[in-house]
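This is a predicted model, so every value here is computed, not measured. Read the numbers this way: they start at 1 and go in the same order the structure lists the ligands and their atoms.
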Amino acid sequence: MKTIKIAPSILSANFSKMGEEVISLQECGADVVHCDVMDGVFVNNITFGIKMVEDLRKITTLPLDCHLMIVHPEKYVERFAKAGADIITVHYEACQDNLKEVLQLIKSTGVKCGAVINPDTPVEKIKDVIPMCDMVLVMSVFPGFGGQKFIPSALDKLRQIRAIIDELDKDIDLEIDGGVTAENVAEIKAAGANVIVAGSTVFKAEDRANIIATLKA
Ligand code: DX5
Ligand code: ZN
């Protein structure tokens, strides 16, 4: 069993205090900072970009997991890498035919790479690129907003991808993103996810260290 890592999504943070929020996450036991980059085109929301990653890099030692929900991610990969991203994940739905090339481009910058699938995209679509990924991300909500309800069909996808990873016998992380709560985290981990993104669950909690520990346990 791979180590469980908790990756709070700063989409639910107070953007006017982002530095303090990220320092607090680190102090409260988070393993990774999940950075949701949205362009208002690939998804119906706009968040932040390269400058945020660059500035966060200066104030935290936690890995920065950059989830790009943008069209033409290949245009920005090198700048996110230079800004200090530790891993960059890109959507199958944003790349399709050039997903392999985009993942290769990410790798060429020295940063880890990952492929993401939306709730209505079957595992089959990314099967060929899984061996070259450092992480695979299964969306359990349609991307764009925090605080949505977990879509249960993601569990079956986690099981399918975990079986593929086990077969490959490679060190590939499996991340879940969307609607994770203290109530459903056990079945998510049992289905094979080892990197757990949680936005609203972490930021709404009164005791941040406690909820992070609960999600990890
Ligand atoms: C959704 C984002 C998620 C989101 C998760 O588009 O990719 O990372 O912030 O938020 P919760 O945990 O509230 O569903
Ligand atoms: Zn995300």
Side-chain angles (χ1 to χ4, degrees), residues 4-15 18 21-22 25 28 30-50 52-53 56 62-71 73 76 80 85-95 106 112-121 126 133-155 157-158 173-189 191 193-206 208 211-212 214-216:
I4 302 291
K5 290 180 251 182
I6 305 302
S9 162
I10 55 171
L11 179 62
S12 294
N14 180 339
F15 278 31
M18 194 55 94
E21 294 275 50
V22 170
L25 292 175
C28 290
D31 301 291
V32 173
V33 178
H34 184 82
C35 303
D36 283 311
V37 176
M38 302 185 186
D39 65 353
V41 180
F42 182 70
V43 289
N44 291 323
N45 202 359
I46 301 175
T47 54
F48 51 77
I50 295 150
M52 179 67 85
V53 173
L56 291 180
L62 290 179
L64 300 174
D65 163 21
C66 296
H67 175 193
L68 302 190
M69 286 160 275
I70 63 177
V71 295
Y76 301 98
F80 275 102
D86 292 275
I87 179 158
I88 298 174
T89 63
V90 290
H91 274 258
Y92 162 79
E93 300 81 11
C95 303
I106 299 170
K112 290 182 176 176
C113 71
V116 191
I117 47 171
N118 274 345
D120 57 356
T121 300
I126 54 158
C133 289
D134 297 288
M135 182 162 80
V136 177
L137 168 50
V138 172
M139 290 307 299
S140 39
V141 298
F142 283 91
F145 299 90
Q148 304 180 73
K149 205 170 171 294
F150 184 84
I151 299 172
S153 55
L155 292 171
K157 286 191 196 170
L158 289 176
D173 283 318
L174 181 52
E175 182 175 53
I176 188 80
D177 185 5
V180 175
T181 65
E183 287 70 41
N184 62 19
V185 72
E187 58 177 346
I188 288 167
K189 288 189 274 195
N194 71 296
V195 182
I196 313 291
V197 176
S200 46
T201 293
V202 167
F203 284 95
K204 275 197 326 218
E206 277 181 21
R208 222 170 255 187
I211 189 67
I212 291 172
T214 302
L215 293 172
K216 207 166 178 171

Open item on the list: At less than 4.0 angstrom from any non-hydrogen atom of His67, what atoms of ligand 1 do you find?
Closed with: 7 (O)

TODO: Check His67 and report its N/O/S atom nearest to the Zn ion (ligand 2), by atom name.
DONE: ND1

Open item on the list: Test of understanding: given a 4.0 Å heavy-atom threshold, classify the contact between Ala198 and ligand 1 as side chain, backbone, both, or neither.
Closed with: backbone

Task: atom 14 (O) of ligand 1 [closest protein heavy-atom partner, distance rounded to 0.1 Å] - done: Gly179 N, 2.8 Å

Task: For Val197 against Ser9, the heavy-atom pair lying closest together - done: CG1-CB, 3.9 Å

Open item on the list: Tell me which N, O or S atom from Asp36 is the closest to the Zn ion (ligand 2).
Closed with: OD1

Open item on the list: For a quick test of reading the model, state the closest non-hydrogen atom pair linking Pro63 to Asp31 and the distance between them.
Closed with: CD-O, 3.2 Å

- [ ] Please confirm whether the backbone N or O of Phe42 pairs with a side-chain atom of Asp39, one donor and one acceptor, at under 3.5 Å?
- [x] yes

TODO: Name the closest protein heavy atom to atom 6 (O) of ligand 1, giving the residue it belongs to and the distance to 0.1 Å.
DONE: Gly144 N, 2.7 Å

- [ ] Answer yes or no: is there a donor N or O on one side and an acceptor on the other, between the side chain of Glu175 and the main chain of Met135, under 3.5 Å?
- [x] no

Task: Short side-chain to backbone donor-acceptor contact, Asn184 and Gly179, under 3.5 Å - done: yes

TODO: Would you mind running through ligand 1 and noting each atom that sits below 4.0 Å from a heavy atom of Pro143?
DONE: 6 (O)

- [ ] Could you list which atoms of ligand 1 come closer than 4.0 Å to a heavy atom of Gly178?
- [x] 14 (O)

Open item on the list: Using a 3.5 Å distance criterion without hydrogens, assess whether the side chain of Lys157 forms a donor-acceptor pair with backbone atoms of Ser140.
Closed with: no

Open item on the list: Taking Val180's backbone N and O only, do any of them form a donor-acceptor pair with Thr201's side chain (distance below 3.5 Å, no angle check)?
Closed with: yes

Open item on the list: When you measure from the heavy atoms of Phe145 to every atom of ligand 1, does any distance fall below 4.0 Å?
Closed with: yes

Open item on the list: Using a 4.0 Å cut-off to any heavy atom of Gly147, which atoms of ligand 1 qualify?
Closed with: 11 (P), 13 (O), 14 (O)

- [ ] Please determine which of His34, Lys5, Lys112 meets the side chain to side chain donor-acceptor pair (under 3.5 Å) test together with Asp65.
- [x] His34

Open item on the list: Minimum heavy-atom separation for Ile196 and Val185, please, with both atom names.
Closed with: CG2-CG2, 4.1 Å

TODO: For Met38, counting its heavy atoms only, list the atoms of ligand 1 lying under 4.0 Å from any of them.
DONE: 6 (O)

Open item on the list: Can you give me the closest heavy-atom contact between Pro73 and Leu68, atom names plus distance?
Closed with: CB-CD1, 4.2 Å

Task: Sub-3.5 Å N/O-N/O distance, Met69 and ligand 1 - done: no

- [ ] Please step through side-chain contact (heavy atoms from CB on, under 4.5 Å) for the pair Phe142 and Ile151, ending with a clear verdict.
- [x] CA-CA 9 Å; Phe142 283 91; Ile151 299 172; 4.0 Å; yes

Open item on the list: Show me which atoms of ligand 1 lie under 4.0 Å from any heavy atom of Asp36.
Closed with: 2 (C), 3 (C), 4 (C), 7 (O), 8 (O), 9 (O)

Open item on the list: Considering Ser12, Ser9, Gly199 one by one, which has a heavy atom nearer to atom 9 (O) of ligand 1 than any of the others?
Closed with: Ser9

Open item on the list: Could you check whether any heavy atom of Thr201 sits closer than 4.0 Å to an atom of ligand 1, since that is the contact criterion I want to use?
Closed with: no

Open item on the list: With heavy-atom distances below 4.0 Å as the criterion, list the atoms of ligand 1 near Met139.
Closed with: 7 (O)

Open item on the list: Suppose we measure from atom 13 (O) of ligand 1 to each protein heavy atom; which comes out shortest, and what is that distance?
Closed with: Ser200 OG, 2.5 Å

Open item on the list: Students should be able to answer this: which protein heavy-atom is nearest to atom 10 (O) of ligand 1, and at what distance?
Closed with: Gly146 CA, 3.5 Å

- [ ] Considering non-hydrogen atoms only, spot the tightest contact between Pro8 and Phe203 and give its length.
- [x] CB-CE1, 4.4 Å

- [ ] Do me a favour and list the nearest non-hydrogen protein atom to atom 5 (C) of ligand 1 with residue, atom name and distance?
- [x] Asp177 OD1, 3.5 Å

TODO: Under 4.0 Å from a heavy atom of Leu11: give me the atoms of ligand 1 that qualify, with their elements.
DONE: 4 (C), 9 (O)

TODO: Return the minimal non-hydrogen interatomic distance between Ile88 and Ile106, and the atom names on each side.
DONE: O-CD1, 3.7 Å

Task: Shortest-distance N/O/S atom, Asp177 versus the Zn ion (ligand 2) - done: OD2

